[in-house]
Amino acid sequence: MAKSNLISFQFISEPGDVNFGGKVHGGVVMKWIDQTAYTCARSWAETYCVTVYVGGIRFYKPINIGEVIKIDAYVIYTGTTSIHIAVDVYSRSFSEEGFEKKTHCVIVFVSVDEAGKPVPVKKWIPESEREKKLEEYAVKLNDLRSQINNEMLPFFNE
Ligand SMILES: CC(C)(COP(=O)(O)OP(=O)(O)OC[C@H]1O[C@@H](n2cnc3c(N)ncnc32)[C@H](O)[C@@H]1OP(=O)(O)O)[C@@H](O)C(=O)NCCC(=O)NCCS
């Protein structure tokens, strides 16, 4: 995967990240996801971007305080003005060598001008087999999203 479309960083979860159950708060994980994904989208677009869709964040397993957190955010599709970013959140305790994936989601950003109007974004072209599969995955999610939007719209408009 080319470096320009991937953002990865590591840090340690802190006591201030805790929820009432003693694990990392879901809202804190969502903030990490948003920050990393935004950095990836902004770096790719080279313009100001806004979030248009955050979908299906799946918390597979809890994350403990004091673990090493690794977050990968990478471009998996670009439309005319949209940039689709997949985010994987991993953690490991200091006694373990390998990371375990805890959370995955896809966030869509739109490249905008100073007036907030969508502007075309540079095309991301998948090269490896894995990147081609990721692009197919993004397109499939986009189709499903249209159906979800139709279901949700009446409740937005009520
Ligand atoms: C994002 C925004 C500029 C899009 O404006 P719009 O008039 O809907 O623009 P368009 O209909 O031309 O859509 C722009 C892109 O968004 C995509 N989009 C729109 N709704 C979407 C959805 N529900 N899911 C995924 N992508 C979506 C479109 O497919 C299009 O992508 P493309 O150009 O690659 O095909 C506008 O909705 C907005 O300002 N939203 C608020 C953003 C915000 O405040 N975010 C939170 C804080 S950053």
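We count ligands from 1, going down the list as the structure has it; atoms in each ligand are counted the same way.
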Test item: side-chain donor near acceptor, His25 and Asp17, under 3.5 Å: no
Exercise check, heavy-atom protein proximity under 4.0 Å to atom 36 (C) of ligand 1: no
pair Glu67-Lys102: side-chain heavy atoms closer than 4.5 Å: yes
Path from Ile57 to Tyr60 over hydrophobic side-chain contacts below 4.5 Å: no
Exam field: side chain Ser13 to backbone Gly66, donor-acceptor pair closer than 3.5 Å: yes
Identity of the nearest option to atom 26 (N) of ligand 1, non-hydrogen atoms only, from Val52, Thr51, Asp34, Val119: Val52
Protein non-hydrogen atom below 4.0 angstrom of atom 48 (S) of ligand 1 present: yes
Exam field: side chain Tyr38 to backbone Thr51, donor-acceptor pair closer than 3.5 Å: no
Any protein heavy atom < 4.0 Å from atom 31 (O) of ligand 1: yes
Worked check of side-chain contact (heavy atoms from CB on, under 4.5 Å) between Ser43 and Ile7: CA-CA 9 Å; Ser43 303; Ile7 295 286; 4.2 Å; yes
Ligand 1 atoms in contact with Arg145 (distance to a heavy atom under 4.0 Å): 24 (N), 25 (C)
Distance from atom 12 (O) of ligand 1 to nearest protein heavy atom, with residue and atom: Pro118 CG, 4.1 Å
Exercise check, heavy-atom protein proximity under 4.0 Å to atom 28 (C) of ligand 1: no
Heavy-atom protein contact below 4.0 Å for atom 23 (N) of ligand 1: yes
Contacting atoms of ligand 1, where contact means under 4.0 angstrom from a heavy atom of Gly116: 3 (C)
Pairwise side-chain contact, Leu134 with Tyr74, heavy-atom cut-off 4.5 Å (strictly under): yes
Under-4.0 Å heavy-atom contact between protein and atom 9 (O) of ligand 1: yes
Verdict with supporting geometry, Val106 and Tyr77, side-chain contact (heavy atoms from CB on, under 4.5 Å): CA-CA 10 Å; Val106 174; Tyr77 177 73; over 6 Å; no
Distance flag, aromatic centroids of Phe11 and Trp32, threshold under 6.0 Å: yes
Thr80 N/O under 3.5 Å from ligand 1 N/O: yes
Residues that, via side-chain heavy atoms closer than 4.5 angstrom, fall in one hydrophobic cluster with Val68: Ile12, Tyr90, Phe94, Phe99
For atom 16 (O) of ligand 1, the protein heavy atom that lies nearest, with its residue and separation: Val110 CG2, 3.3 Å
Thr47 and Asp113: CA distance, side-chain angles, deciding distance, side-chain contact (heavy atoms from CB on, under 4.5 Å) verdict: CA-CA 7 Å; Thr47 60; Asp113 64 15; over 6 Å; no
For atom 33 (O) of ligand 1, closest protein heavy-atom neighbour: Thr81 OG1, 2.6 Å
Part of Ser82 within contact of ligand 1 (heavy atoms, under 4.0 Å): both
Flag: protein heavy atom within less than 4.0 Å of atom 6 (P) of ligand 1: no
Cluster overlap Val119 with Val108, hydrophobic side-chain contacts below 4.5 Å: no
Protein non-hydrogen atom found under 4.0 Å from atom 41 (C) of ligand 1: no
Subset of ligand 1 atoms that lie under 4.0 Å from at least one heavy atom of Asn149: 22 (C), 23 (N)
Ligand 1 contact on Thr78 by region, counting heavy-atom pairs under 4.0 Å: neither
Atoms in ligand 1 with a heavy atom of Val50 nearer than 4.0 Å: 1 (C), 42 (C), 48 (S)
